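Source: prediction; values computed, not measured. This chain uses plain numbering: 1 for the first residue, then up along the sequence. We count ligands from 1, going down the list as the structure has it; atoms in each ligand are counted the same way.
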Amino acid sequence: MNPGSTSKLPPLGPTLRVGVLGGGQLGRMMVQEAMNWDVRVEVMDPSPEASCRHLTHRFVQGDLQDEEAVVAFGQGLDVLTVEIEHVSTEGLQRLADQGIQVVPLPQHLALIQDKGLQKQAFAAWGVPSAPFVLVDGLDQVDAIGFPVVQKLRKGGYDGKGVQILQSPQEALDRGFNAPCVLEKAVDIDKELSVIVARNAHGETAVYPVVEAVFNPEVNLVDHLMAPASISPALEEAARAMALKVVTSMQFVGLLAVELFLDREGALWVNEVAPRTHNSGHHTIEGNVCSQFEQHLRAVIGLPLGDTAPLHPAAAMLNLIGEPDATGTPCYDGLAEALELPHVHAHLYGKSTVKPHRKMGHITVTGPDVHSVQQSVLKLRETVKVRGSNPA
Ligand code: ADP
């Protein structure tokens, strides 16, 4: 069967059964879009408290890495997709072999799950990425000298599984003793992201480049700005690089391409994520077609939507738990925040808050980058996610 072919699918509406592996905020926002098309979405997640649990037609608690659990979940579905890449690709392949439309393809997920295979693929496709070597354990950690960026090949997320080691002593003290990518540290000026969709017919749609601003304390994105403050030539080059990754891979689905702009003005691909991405949340209010609708379109094989921005500028602020927050979440200051113009809140429905846990986000749109930045500063001061339990 043609991978990602739409020929056998029921039409849009309640007879179309779409499954999602992962029921966190990304799945939840996709379900919200799917509801507009009255599509039946069914979700599997390991947590009985998953963000999606009350929003789906069928919620299954199960281990996403368990081949048998994935195969059991997939029975009877028309289409199966993911909101997270750490899933059993063996299970997905068995479902694809049964004729269920699995998007992204299991082999693409397997490639992306392994940062080492990703780096080798970038090299094979001629996509610039930081120089690297692959090693099996800590005894080879000095293979390209120091400082070095050490990345676990498998299982890392949100910066966990990535660390910069300045010296052999630091490597000895806290290096990972596992198969790793060792990468030259890039002298980063900006961290950028480009989201690209490609459907089974080979059509592509690219979103404008966004700029991630990090909170160094917790190594999580603090907020992101669209458009990125880069020249039109760099904007074009970043989009072209993201498209090159998607077309070289013959990827089907939505791919977030993370890039570094170094201080000499060169672009490097860092890594890719085969799904909706934190750096695309602003597209819900900020662009004609949101990344969540676009993901569904690509997965189901529909024509892709318009990626054009609706406003000159947009920012997205992650709402994360305060450093001492535990218990039931309290979103202090949210009512005041909503007094600001063009502010939209999205809470993910998580039943408990933990320090630094992503609990929601706020999007601000505006007439220019400066005014949106001013709103972000105010929102950062106004909104705090605390917990009901005393510290
Ligand atoms: P994850 O997959 O966990 O999100 P990333 O590969 O995106 O991990 O790395 C997390 C962060 O580490 C990046 O956003 C960047 O700030 C930093 N980083 C990663 N690779 C490099 C590198 N080669 N040089 C400098 N900083 C890097």
Side-chain angles (χ1 to χ4, degrees), residues 22 24-26 82-87 104 108-123 127-135 141 143-167 170-171 174-176 178-195 209-225 228 238 241-242 245 255-281 316 318 320 356-358:
Q25 61 264 24
L26 300 177
V82 300
E83 66 132 35
I84 184 170
E85 51 275 32
H86 302 301
V87 298
H108 288 157
L109 287 169
L111 175 87
I112 290 167
Q113 282 173 355
D114 183 337
K115 285 179 193 264
L117 294 182
Q118 260 192 69
K119 293 287 289 185
Q120 287 175 328
F122 297 149
V127 170
S129 187
F132 73 103
V133 295
L134 303 185
V135 297
V141 73
I144 54 170
F146 294 92
V148 68
V149 184
Q150 188 190 27
K151 301 185 174 184
L152 286 176
R153 284 184 66 164
K154 290 195 168 179
Y157 66 96
D158 272 355
K160 296 174 183 70
V162 173
Q163 56 183 353
I164 298 194
L165 301 172
Q166 299 291 347
S167 64
E170 206 179 336
R174 58 188 193 92
F176 305 125
C180 279
V181 178
L182 298 176
E183 219 174 81
K184 289 269 185 215
V186 174
D187 189 10
I188 298 173
D189 180 17
K190 290 178 186 296
E191 300 207 21
L192 307 172
S193 160
V194 182
I195 294 178
V209 183
V210 299
E211 182 174 341
V213 181
F214 276 76
N215 175 343
E217 223 177 283
V218 289
N219 201 22
L220 276 181
V221 175
D222 179 76
H223 68 273
L224 69 84
M225 284 297 305
M241 217 177 254
V245 173
L255 195 78
V257 182
E258 297 178 14
L259 302 125
F260 299 135
L261 174 64
D262 75 15
R263 289 185 197 282
E264 292 182 353
L267 288 168
W268 307 87
V269 170
N270 175 28
E271 61 168 359
V272 298
R275 52 171 168 76
T276 56
H277 195 254
N278 193 56
S279 67
H281 291 351
M316 191 285 296
N318 282 126
I320 62 171
H356 310 305
R357 186 175 195 196
K358 278 185 200 163

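Listed by number with element, the atoms of ligand 1 under 4.0 angstrom from any heavy atom of V149 are 20 (N), 21 (C), 22 (C), 23 (N), 24 (N). Shown in contact with K151 at under 4.0 Å from a heavy atom are these atoms of ligand 1, numbered in order with element: 6 (O), 19 (C), 20 (N). Ligand 1 places these atoms under 4.0 Å from at least one heavy atom of N270: 5 (P), 6 (O), 7 (O), 20 (N). Less than 4.0 angstrom separates some heavy atom of A185 from each of these atoms of ligand 1: 24 (N). Atoms of ligand 1 found under 4.0 Å from any heavy atom of E258 (numbered from 1 in listed order, with element): 7 (O). Atoms of ligand 1 lying under 4.0 Å from any heavy atom of E191, numbered from 1 in the order shown and given with element: 13 (C), 14 (O), 15 (C), 16 (O).
Under the 4.0 angstrom criterion for non-hydrogen atoms, G161 is not in contact with ligand 1. The shortest heavy-atom distance from W268 to ligand 1 is not under 4.0 Å.
With sequence neighbours excluded, no residue forms a salt bridge (charged side-chain N to carboxylate O under 4.0 Å, His left out) with E191. Partners of E85 according to the salt bridge (charged side-chain N to carboxylate O under 4.0 Å, His left out) rule, which considers only residues two or more places apart in sequence or in another chain, are R275.
Among L152, V186, I188, the residue whose heavy atom sits closest to atom 26 (N) of ligand 1 is I188. When the heavy-atom distances from atom 5 (P) of ligand 1 to E183, K160, Q150, E271 are ranked, the shortest goes to E271.
Residue K115 touches ligand 1 through its side chain alone, judged by heavy-atom distances below 4.0 Å. Contact annotation: for V162 versus ligand 1, heavy atoms closer than 4.0 Å belong to the side chain alone.
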For this session: Under the side-chain hydrogen bond (donor to acceptor under 3.5 Å, both in side chains) rule, what do K115 and N270 come out as? Steps first, then yes or no, please.
Result: CA-CA 10 Å; K115 285 179 193 264; N270 175 28; over 6 Å; no
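Residues K119 and E183 have side chains in contact (heavy-atom distance under 4.5 Å, counting atoms from C-beta outward).
The closest donor-acceptor contact from the side chain of S193 to the backbone of E258 lies at 3.5 Å or more, if one exists at all.
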